[in-house]
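So that the names make sense, note that chain A is the first sequence line, chain B the second, and so on, each numbered from 1. Keep in mind that the numbers below use all heavy atoms, side chains included, and drop hydrogens, waters and symmetry copies.
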Amino acid sequence: MKRKTCDSNILNLAELINIYGDDSAETITTALLGFLESASIYVHALQHAHLENDLPAVSAAAHSLKGICGLTGVTYLASLSGQLELAAATHQHANVAALMLEFAAHWPVVQNQIQCVLEQYGG
Amino acid sequence: MLLKNFNVLVVDDVVLMCSFLYNAVNKVHGCRAHKAFDYKAAADILEHEPIDLLITDIELGSKSGLDLLMKIRTNAFTATAHDIPIIVFSGNSYRELLQKCISFDANDFLVKPVTYAHLKEKIYYHLEHEKTIQPPSYYIELMRGVKKPERVNAERARQSSISTARAIKRRAAATEDILAEYEEKLENLDRLEFLFWPDKVTTGYFQIDRRLKNLVHTVSFFYQACINDYKPVMKETERRRACSAAEALIHIATRTRRAEQYPNNEFWNELVVRLDELRPLLAELRAIDLRNTYEVIELLIKLASWWVDTCKSPLVNEVDEQNETENM
């Protein structure tokens, strides 16, 4: 019942469980807390790099973020990060700017979703 | 199920990913995980731990997983063999890097995200199946990039390995001949030409005797490791033991001589000469490139000669035998 509140387009718990090979509350909460901590660092790095117009740094941060989003089942953010990485690597400034806006709007949604799941799992 | 404990190194500059891989590998029966977040830490582990499998991300900040792959294949790490299986995490946007990884015989490529079940399957597969890896010289030539070196197929690699083994055996036979010559020489010599242990020897002398025996044992083990072409890490371990044994002998002898009432008698003068002869051999042993089997065997011959000349029959034993005879 609890999992019904989780939007799989934002956070796909089934994917997370499949990747970790374990559906225990401990594994799920550890993975999500770890993700929040790590992702926050890369999100800040990404925003900073964008402000500095440092496209290689945007691409590198987006690449790392894509990896940990994929690992945690954070589906849509993984897709956005992948698009950002590619746009930055190919110097598509306009695309990078548009994707960064979308990214900025979506990141709080991801955080809320994870907090919600963490509460459900007692994290 | 894997029977031995395999050392698996996971390398990823993204902490969360690295921790996931580390925990996943530790869950695989028969595997012990090591983790590194960057090239330098990974190189350090490969240098000091005998790693059996490397799982690395291709992007590691300033250096890449390819750099690790190249270093391993060219046999640049002391503790890790050059032909270990290597799994590379790759992204679609690094085709040039991937091409190079293929040239350096990466065993497998994985795309993130990888599930625990898939990773486990890959680990089992690569630890249980051997892939033909070229000799390090092939990859060294490849790195120089002058021309694409000729690949050695499995049969030729086997033939090459056999011919190398034969050459080593021939060399070993030559070593045996030299040693036999020394044995014969020894039989024909008056014992006084060797170290003459004075009467009423003290504990210090017995310690020297023990260290001399320990040195010959460790040199013998090192010799076996080289002749039988053991793994580099084993050769290195035996080399270190032999060095420690030689250092201990020199240390004990120096300390005992200092405490001696007559440090310039015939025995000490002889021993000092022998130890002075041992020092350059020890320096050579510390520095020698273990990959150069011929040079190593040359050095082992010199060490064997030194030992035979010095103490084939330490007179401490004879004193013991005399005492035993007297007691009987």
Which bit of S38(A) is near chain B, if near means a heavy-atom gap under 4.5 Å: side chain, backbone, both or neither? side chain
Does Q111(A) have more than 12 heavy atoms from other residues, nucleotides or ligands lying within 6.0 Å of its CD? yes
How long is the gap from CG on L16(B) to SG on C69(A), to the nearest 0.5 Å? 10.0 Å
Atom CD1 in I17(A), atom OG1 in T115(B): separation rounded to 0.5 Å? 13.5 Å
Side chain, backbone, both or neither: which part of T72(A) has a non-hydrogen atom closer than 4.5 Å to chain B? side chain
Contacting region of K27(B) [heavy-atom separation from chain A under 4.5 Å]: side chain
What is the distance from atom CD1 of I19(A) to atom CG of L119(B), rounded to the nearest 0.5 Å? 11.5 Å
With a 6.0 Å cut-off (strictly less than), is the heavy-atom count around NE2 of H44(A), excluding the residue itself, greater than 12? no
Using non-hydrogen atoms only, which part of D13(B) is less than 4.5 Å away from chain A: side chain, backbone, both, or neither? backbone
Identify which part of Y42(A) has an atom lying under 4.5 Å from any heavy atom of chain B, answering side chain, backbone, both or neither. side chain
Taken to the nearest 0.5 Å, the spacing of K112(B) NZ from I68(A) CD1 works out to 10.0 Å
Pick from D57(B), V14(B), V15(B), D12(B): which one makes a side chain to side chain contact (heavy atoms under 4.5 Å, CB included) with S64(A)? V14(B)
Heavy-atom nearest pair, L71(A) first then P113(B), reads N-CB, 3.9 Å
Looking at E47(B), I want to see if its CD is surrounded by more than 12 non-hydrogen atoms of other residues, nucleotides or ligands under 6.0 Å. yes
If you look at every heavy atom in Y20(A) and F20(B), which pair is closest and at what distance? CE2-CD1, 3.5 Å
